[in-house]
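Dropping the structure in here first, questions after.
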Amino acid sequence: GEELMSQEDKKEMKIVKTGTISAQTENYDKFLDDLTKEINSVGGFLESNDTEVYQIYENKKLMYGNIKIRVPQENFYDIIDYLENNTEVRRKNISETDLTKEYYEKDNRVKNLEVQEQNLRKLFEKATTVEEMLQIENELRRIRTEIDSINISLSDIDDRVSMSTINLEVEEVLAASLSLKTGK
């Protein structure tokens with residue numbers, strides 16, 4: 001009993017943080033440049049960047065970007081603050097999803113399957129007919145496939161926990177259209 005409790009306490013929380021921000025900037029290229037430096041400086045990266053010209057106004061090309069940012073979880077709120085300080089945020093949504101329970105259920109499932117796998121290997125050594133061997137091999141293959149698939153899912157959760165995601169939509173606007181908004 002006692003030992004189990006301390007095991008439980010050691011369980012690392014598996015929280016996935018995600019942010020979605022829509023923002024405006026007056027200078028897209030400079031903003032993107034500065035943002036990239038800021039993200040790199042904390043060990044993050046731009047997972048994808050889809051930039052296009054969405055409007056041409058008096059020969060000025062206005063840019064629109066759909067950018068997926070990945071940053072270490074401990075820097076998530078710093079980068080959100082950075083975006084709020086360096087753009088005009090129109091919409092912001094932040095979610096934290098607790099995958100702790102799901103993670104450890106899957107982790108236990110893998111452990112149980114690995115025990116079954118070891119038992120089947122012992123059986124295989126004792127098998128006397130080709131038919132028995134084939135049956136055990138099929139079962140081993142099935143278990144191995146399931147273990148691999150759950151492990152992929154576990155490492156995906158680990159990845160999303162350690163590196164938070166910020167989905168950023170940013171559009172370039174002319175200075176005039178920003179100043180039309182009512183004061184902050």
Criterion side chain to side chain donor-acceptor pair (under 3.5 Å) on S164 and Q73, from CA distance to verdict: CA-CA 5 Å; S164 300; Q73 191 190 72; 4.8 Å; no
Backbone N/O of D81 and side chain of N85: donor-acceptor pair under 3.5 Å: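 Judged by distance alone, yes, a pair lies under 3.5 Å.
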N40 (side chain) donor-acceptor with T36 (main chain) under 3.5 angstrom: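 At least one qualifying donor-acceptor pair exists.
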Distance in Å, T87 OG1 paired with Y28 OH, rounded so as to fall on 0.5 Å steps: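 With rounding to 0.5 Å, OG1 (T87) is 12.0 Å from OH (Y28).
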Identified side chain to side chain donor-acceptor pair (under 3.5 Å) counterpart of R121 within the set Q118, E125, E117: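 Of the listed options, the one satisfying the test is E117.
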Evaluation steps, side chain to side chain contact (heavy atoms under 4.5 Å, CB included), between T128 and E132: CA-CA 7 Å; T128 48; E132 272 181 309; 3.0 Å; yes
Nearest-0.5 Å distance, CG of residue N138 to CD1 of residue I143: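 Rounded to the nearest 0.5 Å, the CG-CD1 separation comes to 11.5 Å.
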Whether S149 side chain and T145 backbone form a donor-acceptor pair below 3.5 Å: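 No: the side chain of S149 does not pair with the backbone of T145.
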Ion pair E146/R109, N-O distance below 4.0 Å: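 Looking at R109 together with E146, the answer is yes, because their closest N to O distance falls below 4.0 Å.
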Verdict with supporting geometry, N119 and L123, side chain to side chain contact (heavy atoms under 4.5 Å, CB included): CA-CA 6 Å; N119 292 340; L123 271 179; 6.0 Å; no
Interatomic distance, I67 atom CD1 to T51 atom OG1 [nearest 0.5 angstrom]: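 The CD1 atom of I67 sits 5.5 Å away from the OG1 atom of T51.
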L120 versus L140, closest heavy-atom pair with distance: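 Looking at all heavy atoms of both residues, the closest pair is CB-CD2, 3.7 Å.
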Distance in Å, K68 NZ paired with L46 CG, rounded so as to fall on 0.5 Å steps: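 K68 NZ to L46 CG: 12.0 Å, rounded to 0.5 Å.
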Within 6.0 angstrom of E131 CD, more than 12 heavy atoms from elsewhere: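 It does not: E131 CD has 12 such atoms or fewer within range.
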pair V170-L32: side-chain heavy atoms closer than 4.5 Å: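 When only atoms from C-beta onward are counted, L32 and V170 do not touch, as no gap falls below 4.5 Å.
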Side chains of E114 and I147 in contact at under 4.5 Å (non-hydrogen atoms):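 Yes, their side chains come closer than 4.5 Å.
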Carboxylate-amine/guanidinium contact E102 K106, below 4.0 Å: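 Salt bridge between E102 and K106, a charged N being under 4.0 Å from a carboxylate O: yes.
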Minimum-distance pair of heavy atoms, taken over all atoms of I39 and F45: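 Closest approach of I39 to F45, heavy atoms only: CG2-N, 3.3 Å.
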Expected output: side-chain Y54 to main-chain K61 donor-acceptor under 3.5 Å: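 A pair under 3.5 Å: no.
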Y57 atom OH: more than 12 heavy-atom contacts under 6.0 Å: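 No, because the 6.0 Å sphere around OH of Y57 holds 12 heavy atoms or fewer from other groups.
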Verify same cluster id: L134, I136 (apolar side-chain graph, 4.5 Å):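 Each belongs to a different hydrophobic cluster.
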Distance, nearest 0.5 Å, that separates CG of N66 from CG of L168: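 Between atom CG of N66 and atom CG of L168 there are 8.0 Å.
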Joint hydrophobic cluster, I94 plus V89, side-chain heavy atoms closer than 4.5 Å: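 Shared cluster, yes.
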Path from L113 to I157 over hydrophobic side-chain contacts below 4.5 Å: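 Linked, L113 and I157 end up in one cluster.
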Stepwise side chain to side chain donor-acceptor pair (under 3.5 Å) test for T165 and R70: CA-CA 5 Å; T165 303; R70 301 291 305 277; 3.3 Å; yes
Nearest heavy atoms of K111 and D107, plus distance in Å: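 Residues K111 and D107, closest heavy atoms: NZ-OD2, 2.6 Å.
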Heavy-atom pair with the smallest gap, counting every atom of M13 and D98: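 Looking at all heavy atoms of both residues, the shortest contact is CE-OD2, 3.7 Å.
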Residues in side chain to side chain donor-acceptor pair (under 3.5 Å) contact with K126, at least two apart in sequence or another chain: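 In terms of side chain to side chain donor-acceptor pair (under 3.5 Å), with neighbours along the sequence ignored, K126 is linked to no residue.
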Any side-chain heavy-atom pair of L62 and V173 under 4.5 Å: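 L62 does not reach V173 side chain to side chain.
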Linked, directly or transitively: F31 and Y64 (ILVMFWY side chains, under 4.5 Å):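 No, F31 does not connect to Y64 through the hydrophobic network.
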From CA spacing to verdict: side chain to side chain donor-acceptor pair (under 3.5 Å), D158, Y103: CA-CA 9 Å; D158 280 332; Y103 184 91; 3.0 Å; yes
Over 12 non-hydrogen atoms of neighbours within 6.0 angstrom of NZ in K101: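 No.
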Student check: side-chain heavy atoms of E172 and Q55 closer than 4.5 Å: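 The answer is no; the side chains never approach within 4.5 Å.
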Validation row: T97, I15 side chains within 4.5 angstrom (heavy atoms):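 Counting from C-beta outward, T97 and I15 never come under 4.5 Å.
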Check ion pair E139-R141 (N to O, under 4.0 angstrom):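 Answer for the salt bridge query: no.
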Heavy-atom check, side chain of V110 versus side chain of N151, under 4.5 Å: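 Heavy-atom side-chain distance check passes, below 4.5 Å.
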Pairwise distance CE(M163) to CD1(I69) - rounded to 0.5 angstrom: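 Going from CE on M163 over to CD1 on I69, the span is 11.0 Å.
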Student check: side-chain heavy atoms of T18 and N167 closer than 4.5 Å: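 Counting from C-beta outward, T18 and N167 do come under 4.5 Å.
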Same apolar cluster: M63 and L174, side chain cutoff 4.5 Å: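 No, it is not one cluster - the side chains of M63 and L174 are not joined through contacts under 4.5 Å.
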Beyond-backbone contact of E38 with I79, side-chain heavy atoms, under 4.5 angstrom: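 Heavy-atom side-chain distance check passes, below 4.5 Å.
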Any donor-acceptor pair under 3.5 Å from N75 side chain to V71 backbone: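 A pair under 3.5 Å: no.
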Pairing of E169 and R91 as salt bridge, 4.0 angstrom limit: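 Here E169 pairs with R91 in a salt bridge, since their nearest N and O are under 4.0 Å apart.
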Shortest non-hydrogen separation from V42 to P72 and the atoms involved: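 Distance-wise, the nearest heavy atoms are O-CG, 3.2 Å.
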